[in-house]
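Positions are given from 1 along the sequence. Only this structure's heavy atoms are used, side chains among them; waters, hydrogens and symmetry mates stay out.
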Amino acid sequence: MLTTDYVPGAPNWLDLGAPDTEAAVAFYGSLLGWRFESAGPEAGGYGFFTLDRKTVAAVGPLTEEGARAAWTPYFHTPDAEATAKTVEQAGGTVRLAPFDVFEEGRMAQFTDPGGARFAVWQPGRTAGLDAVSDPGTLCWTELHSPDPAKDLAFYRKIFGWDTEEMSFPGGSYTVLMTSGAGREGSFGGVAQLQEGHSTPPQWLPYFEVTDCDAVVARGQDLGGSVLMPAMSAEGIGRMAWLADVGRAPFGVIASGGPGA
């Protein structure tokens, strides 16, 4: 289970690159009840999504040429420089070399061998998000990979993650866990990206909600779109994939909720 007791390899930050940050703020504010707090004029339009005065995500304008709207997960690292070197050695790409974010921490951004983008956060004054796994917050991170075995080998070199295979009718799913923590350290999974699928390799964040179907309907009313209709998974919950007004994909799940 994802918690704010961040350990190396666990997701500890999440931000959205948006083509229109004001539209994104309005969308998520209406959908999940988030409020926006600017990080200040020196932050280039970057700011924080808060819920009950706790930081639950962040948002900023797209800065890379040709970049598409997307959520990027950050994983805890005790040494951003060492992680960047390992990423290169393991076949990944350093998109943004490690740098200090004021006194809050140190970050870097990468692309894995399959093409999915991710980042790392080395805590300074800020350890990470203030709340996770509660309604309206991040609860799961899922890698959609064209070659799960290859990408898993890459991430094991970077973060030392443990994995567990779960079977279901018609396939299997790989659960990701921080090193040595067992199921208590599970925070995400890996799914095979289907050939011909319109979405590229990516990390998809899931936000906990109390009523999946209501959130899906509300998302459409707000100008978003449905990428995967709401469905139930026994023992897990009811989930769906949406795209926001900037076309950034994300998931919502009512864990163990009605229909699960």
Side-chain angles (χ1 to χ4, degrees), residues 1-4 10-11 14 16 24 26-34 49-52 54 56-57 69-73 116 129 131-145 148 163-177 182-194 197-260:
M1 177 180 176
L2 186 58
T3 75
T4 54
L14 179 74
L16 171 67
F27 177 84
Y28 288 101
S30 296
L31 187 71
L32 298 174
W34 293 349
F49 284 123
T50 65
L51 184 65
D52 297 329
K54 295 180 178 180
V56 296
W71 284 98
T72 300
L129 301 175
V132 294
S133 299
D134 298 324
T137 71
L138 177 70
C139 64
W140 195 252
T141 52
E142 187 172 82
L143 174 63
H144 294 183
S145 167
T163 60
E164 181 177 349
E165 293 297 316
M166 294 181 62
S167 298
F168 59 88
S172 64
Y173 185 82
T174 302
V175 176
L176 301 172
M177 301 167 285
R183 289 191 176 184
E184 289 299 312
S186 61
F187 62 85
V190 181
Q192 174 73 53
L193 186 67
Q194 300 301 313
H197 202 282
S198 60
T199 59
Q202 63 184 334
W203 280 95
L204 188 80
Y206 281 76
F207 302 111
E208 186 69 38
V209 296
T210 55
D211 187 329
C212 179
D213 294 86
V215 170
V216 170
R218 179 62 176 162
Q220 290 177 286
D221 289 343
L222 293 169
S225 56
V226 177
L227 302 179
M228 183 186 78
M231 59 171 286
S232 296
E234 185 176 355
I236 298 175
R238 189 160 176 80
M239 67 193 79
W241 297 346
L242 302 172
D244 65 23
V245 288
R247 303 299 299 162
F250 65 98
V252 293
I253 182 170
S255 298

Output for pair (Leu16 CG, Phe49 CZ), nearest 0.5 Å, gives 6.0 Å

- Message: Does Leu222 form a side-chain contact (heavy atoms from CB on, under 4.5 Å) with Val245? I'd like the steps, not just the answer.
- Response: CA-CA 8 Å; Leu222 293 169; Val245 288; 5.6 Å; no

Taken to the nearest 0.5 Å, the spacing of Cys139 SG from Glu208 CD works out to 4.5 Å

- Are Leu51 and Leu32 side-chain neighbours, meaning at least one heavy-atom pair lies under 4.5 Å? no

For Leu176 and Thr163, the nearest pair of non-hydrogen atoms, with its separation, is CD2-CG2, 3.9 Å

Taken to the nearest 0.5 Å, the spacing of Met166 CE from Ile236 CD1 works out to 5.0 Å

Review point. Are more than 12 heavy atoms from other residues, nucleotides or ligands located less than 6.0 Å from atom CE of Met228?
Key: yes

For Leu193 and Pro201 the tightest heavy-atom approach is CD2-N, 3.7 Å

I want to check something: taking the side chain as every heavy atom from C-beta on, are Ser225 and Arg247 in contact at a cut-off of under 4.5 Å? yes

Here the pair of heavy atoms bringing Cys212 nearest to Ala230 is SG-CB, 4.0 Å

_Tell me whether the rings of Trp241 and His144 are parallel (<30°), tilted (30 to 60°) or perpendicular (>60°)._
tilted

Value for CG (Asp134) from OG1 (Thr210), rounded to nearest 0.5 Å, stands at 12.0 Å

- List the steps, then state whether side-chain contact (heavy atoms from CB on, under 4.5 Å) holds for Thr50 with Val56. CA-CA 5 Å; Thr50 65; Val56 296; 5.8 Å; no

Do any side-chain atoms of residues 184-192 form donor-acceptor pairs under 3.5 angstrom with protein atoms, and if so which ones, sequence neighbours left out?
residue, atom, partner, partner atom, Å
Ser186, OG, Met1, N, 3.4
Ser186, OG, Arg183, O, 2.9
Gln192, NE2, Pro146, O, 3.1

dist Ser145:OG -> Gln202:CD (nearest 0.5 Å) comes out at 11.5 Å

Using a 3.5 Å distance criterion without hydrogens, assess whether the side chain of Asp52 forms a donor-acceptor pair with backbone atoms of Lys54.
no

Flag the pair Thr137 / Leu129 as yes when at least one side-chain heavy-atom distance between them is below 4.5 Å, and no otherwise. no

Item to complete: Look at the rings of Phe250 and Phe207 and say which category their plane angle falls in: under 30° parallel, 30 to 60° tilted, over 60° perpendicular.
Response: tilted

**Item:** Any side-chain heavy-atom pair of Pro148 and Thr174 under 4.5 Å
**Value:** no

Closest non-hydrogen atoms of Val226 and Val216, given as atom of the first, atom of the second and distance, are CG2-CG1, 3.6 Å

*asked:* Could you check whether any side-chain N or O of Trp71 sits under 3.5 Å from a backbone N or O of Tyr206, counting only pairs where one atom can act as donor and the other as acceptor?
replied: no

*Just wondering, do Leu14 and Thr72 contact through their side chains at under 4.5 Å, heavy atoms?*
no

| query | Taking side chain as C-beta onward, heavy atoms only, is Leu31 less than 4.5 Å from Val215? | reply | yes

Under a 4.5 Å cut-off applied to non-hydrogen side-chain atoms, are Thr141 and Leu2 in contact?
no

When every non-hydrogen atom of Tyr28 is compared with those of Ala248, the smallest separation belongs to OH-O, 4.4 Å

